[in-house]
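Just below is one structure, and these are the notes that go with it.
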Amino acid sequence: MQETRQNRISRLLQKELAAIFQSQTRLMHGVLVSVTRVRISPDLSICTAYLSIFPSDKGEELLKNIVANEKTIRYELGTRVRNQLRIIPELRFFIDDSLDYLDHIDELLKK
């Protein structure tokens, strides 16, 4: 029962975080930030979001900027989901480099 609720809340947070990043990166031409996965702790207090950033060479710089603005993002998330959640979870962001890994494997197989 608890896992079903966690999955529902993680899908909701993924959708809302994606909308927030889409609106914020609209001003930066040539940069795309997508939320690939969201995991939430069993007590719903910590949300871990994995971000895929294109182009990948700007990934570290954008992640530092996102972590620096974590409170603003959490506030924006709180205004969007205030009717669904009582407590807005603490946000943690990580880079999802699985696409870069797949490209690397593909290059090695072509050689």
Side-chain angles (χ1 to χ4, degrees):
M1 186 72 175
Q2 180 71 15
E3 195 162 314
T4 304
R5 184 163 187 246
Q6 281 178 321
N7 290 336
R8 266 194 354 237
I9 291 173
S10 66
R11 283 193 309 263
L12 171 71
L13 293 176
Q14 181 178 5
K15 185 181 96 168
E16 295 299 333
L17 282 172
I20 290 169
F21 287 130
Q22 181 182 13
S23 67
Q24 287 182 354
T25 58
R26 188 172 289 144
L27 302 174
M28 301 170 59
H29 297 289
V31 175
L32 178 67
V33 177
S34 60
V35 183
T36 56
R37 252 186 347 216
V38 171
R39 302 276 186 232
I40 193 149
S41 64
D43 62 349
L44 307 177
S45 65
I46 299 172
C47 171
T48 305
Y50 295 92
L51 307 175
S52 177
I53 300 173
F54 180 80
S56 60
D57 57 342
K58 294 184 178 181
E60 291 296 325
E61 177 187 340
L62 254 76
L63 185 65
K64 286 180 185 177
N65 190 8
I66 288 170
V67 169
N69 294 320
E70 187 176 315
K71 291 185 181 190
T72 307
I73 295 169
R74 185 176 179 197
Y75 176 77
E76 178 72 25
L77 182 67
T79 59
R80 290 173 179 253
V81 297
R82 67 175 175 238
N83 295 328
Q84 288 94 356
L85 295 177
R86 197 171 14 160
I87 297 172
I88 307 304
E90 175 187 336
L91 299 175
R92 294 183 182 164
F93 296 105
F94 296 100
I95 291 181
D96 184 16
D97 58 353
S98 60
L99 292 177
D100 295 333
Y101 181 71
L102 288 174
D103 287 339
H104 179 68
I105 295 294
D106 195 34
E107 274 183 32
L108 291 175
L109 289 175
K110 285 182 180 178
K111 288 183 181 180

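- Considering only residues two or more places apart in sequence or on other chains, S45 meets the side-chain contact (heavy atoms from CB on, under 4.5 Å) condition with S41, D43.
- As a member of the Ile/Leu/Val/Met/Phe/Trp/Tyr network built from side-chain separations under 4.5 Å, Y50 groups with F94.
- By the salt bridge (Lys or Arg N to Asp or Glu O under 4.0 Å) test, D57 pairs with no residue at all, sequence neighbours left out.
- Contact check for L13 versus I40: side-chain heavy atoms found under the 4.5 Å cut-off.
- For the pair L77/T79, no side-chain contact is recorded, criterion being any heavy-atom separation below 4.5 Å from C-beta on.
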Could you walk me through whether K15 and R11 pass the side chain to side chain contact (heavy atoms under 4.5 Å, CB included) test, one step at a time? CA-CA 6 Å; K15 185 181 96 168; R11 283 193 309 263; over 6 Å; no
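- With a 4.5 Å cut-off on side-chain heavy atoms, V33 and S52 do not count as touching.
- The line from CZ of R5 to OG of S10 is 12.0 Å long, rounded to the nearest 0.5 Å.
- Residues forming a side-chain hydrogen bond (donor to acceptor under 3.5 Å, both in side chains) with Q24 (at least two apart in sequence, or on another chain): none.
- At least one donor-acceptor pair under 3.5 Å links the side chain of Q14 to the backbone N or O of V35.
- Residues forming a side-chain contact (heavy atoms from CB on, under 4.5 Å) with K58 (at least two apart in sequence, or on another chain): V31, P55, L62.
- Residue pairs satisfying the ring-ring contact (aromatic ring centres under 6.0 Å, His included) criterion with at least one member in residues 55-83, sequence neighbours excluded, are absent.
- For residues 82-93, the set of pairs meeting the salt bridge (Lys or Arg N to Asp or Glu O under 4.0 Å) definition, not counting sequence neighbours, comprises E90-R92.
- Between I95 and E60 the shortest side-chain heavy-atom distance falls below 4.5 Å.
- In this view, L32 and F54 satisfy the side-chain contact (heavy atoms from CB on, under 4.5 Å) rule, not counting sequence neighbours.
- Screening residues 19-43 for ring-ring contact (aromatic ring centres under 6.0 Å, His included), with sequence neighbours left out, gives F21-F93.
- Side-chain contact between I9 and L44 is present, with heavy atoms from C-beta onward closer than 4.5 Å.
- Scanning for side-chain hydrogen bond (donor to acceptor under 3.5 Å, both in side chains) contacts around T36 gives D96, with sequence neighbours left out.
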Applying side chain to side chain contact (heavy atoms under 4.5 Å, CB included) to V81 and L12, what does each step give before you reach the verdict? CA-CA 8 Å; V81 297; L12 171 71; 4.0 Å; yes
Test salt bridge (charged side-chain N to carboxylate O under 4.0 Å, His left out) applied to K111 and E107, step by step: CA-CA 7 Å; K111 288 183 181 180; E107 274 183 32; 5.3 Å; no
Donor-acceptor pairs under 3.5 Å, side chain of residues 63-74 to any protein atom, not counting sequence neighbours: which ones?
from: N65; atom 1: OD1; to: N69; atom 2: ND2; distance (Å): 2.9
from: N69; atom 1: ND2; to: N65; atom 2: O; distance (Å): 3.2
from: R74; atom 1: NE; to: I88; atom 2: O; distance (Å): 3.4
from: R74; atom 1: NE; to: P89; atom 2: O; distance (Å): 3.3
from: R74; atom 1: NH2; to: I88; atom 2: O; distance (Å): 2.6

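- Remark: Q22 engages R26 in a side-chain contact (heavy atoms from CB on, under 4.5 Å) (not counting sequence neighbours).
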